[in-house]
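Below is one structure, written out as structure tokens, with a few remarks after it.
All residue numbers in this chain count up from 1 along the given sequence. In listed order, ligands and their atoms are each counted from 1. Note that the coordinates shown come from a computational prediction; the quantities given were computed from them, not determined experimentally.
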Amino acid sequence: MDWKQITDYFARLDRASDRVSVQTFGQSTLGRPLIAAFISAPENIRSLEKYKEMQARLADPRKVSSDAERDRLIREGKAVVVISCSIHSTEIVASQMSTQLAYNLASANDDDTLAILHNTILILIPSPNPDGVDIVANWYRKTLGTSTEGREPPELYHHYAGHDDNRDWFMLDLKETKAVTRLLWKEWFPEIVYDIHQQGSNGSRFFVPPFYDPPNPHIAPLLLRQVGLIGQKMAADVTSAGFRGVLTNALYDTWWHGGFRTAPYFHNSIGILTEAASARLMSPSNVTREQLTRSNTRGMRSAMEAVTNFPEPWPGGAWHPRDIMQMEMIACHSVLSLAANYRADYLRNFYELGKAGLASTADGAPSGYLIPAGQGRDENVAKIVGALVEQGVEVFRLDRELHARHAQQILRRLNSMTLGRVTSSALSVALVPEPEVREVPAGSYVIFLNQPYRQNVLALFEPQVYPDRTTATGDAERPYDVAGWTLPMQMGLDAPAILSIREAANERKLTLIKNENDARSDLGLALWTADKSPIANPIKSGIRAGIYQGPRGNMDEGWTRYVFDAFNAPYESLRDPGLIEGNLRTRFDAIVLPSDRTREPADAESADPPTGISPRGLVNLARFVEDGGMLICFDGSCGPLIKNWKLPLKNVLEGLRSSDFYCPGSILGLKVDTSNPIARTMSNDVNGYFINSSAFELIDKPAPKAAALSEGPTRDQVRIIARYAKDNVLRSGWLRGEDRINDRIALAEVKMGQGRIVLFAFRPQHRGQTWGTFPFIWNAINLASGKD
Ligand SMILES: [Zn+2]
């Protein structure tokens with residue numbers, strides 16, 4: 001079923017059943033409706049507004065006036081469960097399953113179903129990425145009966161993010177994540193969120209929680225236990241229905257932040273992930289014993305070996321989409337039946353976790369974070385404040401500067417205040433790690449830790465310290481996703497922890513930021529509208545920029561387009577036929593080559609290797625540079641140019657074993673030569689994003705006899721713009737083998753003919769999050785010679 005068929009079905013179900021109410025809660029990037037089906041007993045469906053209001057109070061215990069009121073909310077409330085299907089569109093079965101699940105709940109009259117309907121409100125999202133449902137449905141229909149039947153479509157299944165559409169849940173760059181976040185964390189505050197995925201074809205048949213190590217230290221232990229309980233119930237129910245190959249405690253961890261099922265942990269909710277083995281889209285596959293024997297991952301040595309967390313291997317054979325659908329239906333039932341039977345426990349735990357967030361921090365521990373005004377990066381400040389507010393984090397603006405010192409803490413006052421405009425006495429702050437009291441300008445933002453979503457603030461503002469984990473062979477044990485993401489660091493913002501905020505004599509004010517546009521208007525910036533970012537185009541007029549788009553979907557390319565579009569920077573996508581056609585200099589002044597090394601998506605094995613630029617395309621790109629063009633290369637795209645064009649650089653990390661060097665998705669310190677125009681407006685210490693990226697050193701080459709291109713540029717033609725820091729290079733995440741990277745080149749410019757090549761060893765626009773390093777890109781483009 002494509003998206004129209006799915007939405008038509010839900011519209012009919014809405015009309016036919018008083019147990020179902022379908023709401024449109026937003027629009028996708030390409031304009032399709034985002035829908036959610038609310039499914040519950042008819043009397044609950046008629047009172048959705050009442051239950052929504054009760055959830056909002058359970059989510060924020062400051063809105064609950066007494067223990068008696070708390071007990072009444074727990075007694076009368078319903079457990080709210082979100083089930084979301086196929087955010088990853090090639091993991092297509094759940095979106096199809098959603099109609100059957102809804103039909104069953106709307107029509108069955110057994111005691112079990114009636115108890116679920118009475119005690120829970122299900123918010124069923126058939127897909128939070130409807131554009132991708134259609135990309136896959138259209139592709140599948142087109143290729144059905146051909147040799148490519150069941151293969152993945154050769155394009156990103158989200159317009160910008162592809163698979164990374166499930167990496168955006170704290171940054172909220174994408175329309176889909178914004179809309180779902182509003183539904184979940186501003187309106188409905190679900191106790192349980194179940195996000196349904198599929199994994200590769202040859203391993204376990206079904207992964208369910210508990211998860212693998214390491215856990216994120218900011219997730220409440222009670223949540224991890226409840227996650228485990230639901231996962232084990234799913235495992236038992238699926239096993240009891242006769243399915244084999246169910247795996248727990250493997251591969252998937254709770255370290256990373258930013259997924260559909262990880263965002264709940266930082267909103268005091270239970271987040272569940274399941275991963276069914278994929279078929280070939282909607283066609284069956286066949287899996288051999290040998291393939292299963294070879295399949296191994298963290299926590300599972302072989303898919304044919306029975307162990308405690310994988311007690312019954314599946315013997316192999318035919319695997320059908322129907323198998324996937326049945327397991328997912330059973331798992332949905334497991335969640336709903338637990339939620340119905342232990343309704344009051346889920347509500348009470350949810351309330352208590354929010355309450356724990358409100359407690360004052362221990363003496364000597366930070367009580368919050370400060371984003372000081374006057375950093376010269378108002379767009380970045382507006383973006384971070386907006387993203388925090390959109391996910392329900394409380395942010396206050398300081399209306400007057402602080403310079404007084406001493407007096408009692410304001411924290412208790414904030415604890416008991418009613419939300420809105422808060423008047424307090426003058427404030428002074430002590431910053432961590434500097435113990436002295438510092439002056440803080442008006443217009444700064446304060447994020448206190450004593451709020452229901454305290455853990456979210458900690459998880460976004462603190463540096464991540466990933467444990468050094470090693471496999472039996474001495475290699476680094478790869479984390480599921482990135483190791484570090486500290487948001488102010490990625491955004492190039494100073495955001496010190498506050499030890500305490502103290503009152504003094506004068507009258508001062510803090511104002512709660514109510515919506516994502518508040519910070520923009522505070523800062524005198526234009527507001528975002530539904531479709532249009534207000535950011536002024538940073539590229540000089542007359543410069544014609546191109547972004548290379550390879551023949552297969554490349555997320556780094558998609559995010560590059562996202563950043564250009566968000567900044568209203570004009571560009572043209574340049575594809576292989578255009579590259580091969582040549583005459584690039586007549587059409588472009590600057591060309592960006594996104595990193596073409598595909599990431600490591602562990603939950604959707606890519607069927608095809610990444611493809612690079614064709615030899616003919618490379619020749620034409622070299623001519624473009626010689627003719628005065630500006631070529632900008634990100635990370636993985638640098639290697640082929642260095643080799644083919646004999647650039648006097650070498651990636652010193654190439655070929656190293658992960659026992660010697662390893663750095664998966666972390667933030668590293670860069671020392672910048674601020675006299676270089678590419679570093680204009682940058683400070684000499686910048687945080688750069690490194691994800692299994694590169695580090696260069698200059699290599700000696702014999703002096704060329706003539707300026708023959710075949711010898712390539714010499715060392716004299718290289719200017720170094722940034723190096724990885726000599727010490728304290730790891731800022732957040734995990735770095736093994738620091739000495740391999742200390743003081744190595746992170747950003748360089750090479751002159752070739754009349755033009756130049758700018759080589760980023762790191763990722764300056766990673767996932768649309770690294771606002772701190774975007775200026776390098778704009779500056780480089782603006783150095784191109786435009787058309788005159
Ligand atoms: Zn997935």
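Applying the side-chain hydrogen bond (donor to acceptor under 3.5 Å, both in side chains) test to residues at least two apart or on different chains, the pairs with a partner in residues 220-235 are Q226-N349, K233-D237.
Taking the Zn ion (ligand 1) as the apex, the angle formed with OE2 of E91 and ND1 of H88 is 90°, to the nearest 10 degrees.
Judged as a salt bridge (Lys or Arg N to Asp or Glu O under 4.0 Å), and not counting sequence neighbours, E516 has no contacts.
Just one of I83, I125, N166, T262 meets the side chain to side chain contact (heavy atoms under 4.5 Å, CB included) condition when paired with D195; it is N166.
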Before giving the answer on side chain to side chain donor-acceptor pair (under 3.5 Å), spell out for T486 and E462 the whole-Å C-alpha distance, their side-chain angles and the decisive distance to 0.1 Å.
CA-CA 6 Å; T486 311; E462 280 201 346; over 6 Å; no
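Residue contact annotation: H163 places no N/O/S atom under 2.8 Å from the Zn ion (ligand 1).
Restricting H197 to its N/O/S atoms, the shortest distance to the Zn ion (ligand 1) is reached by ND1.
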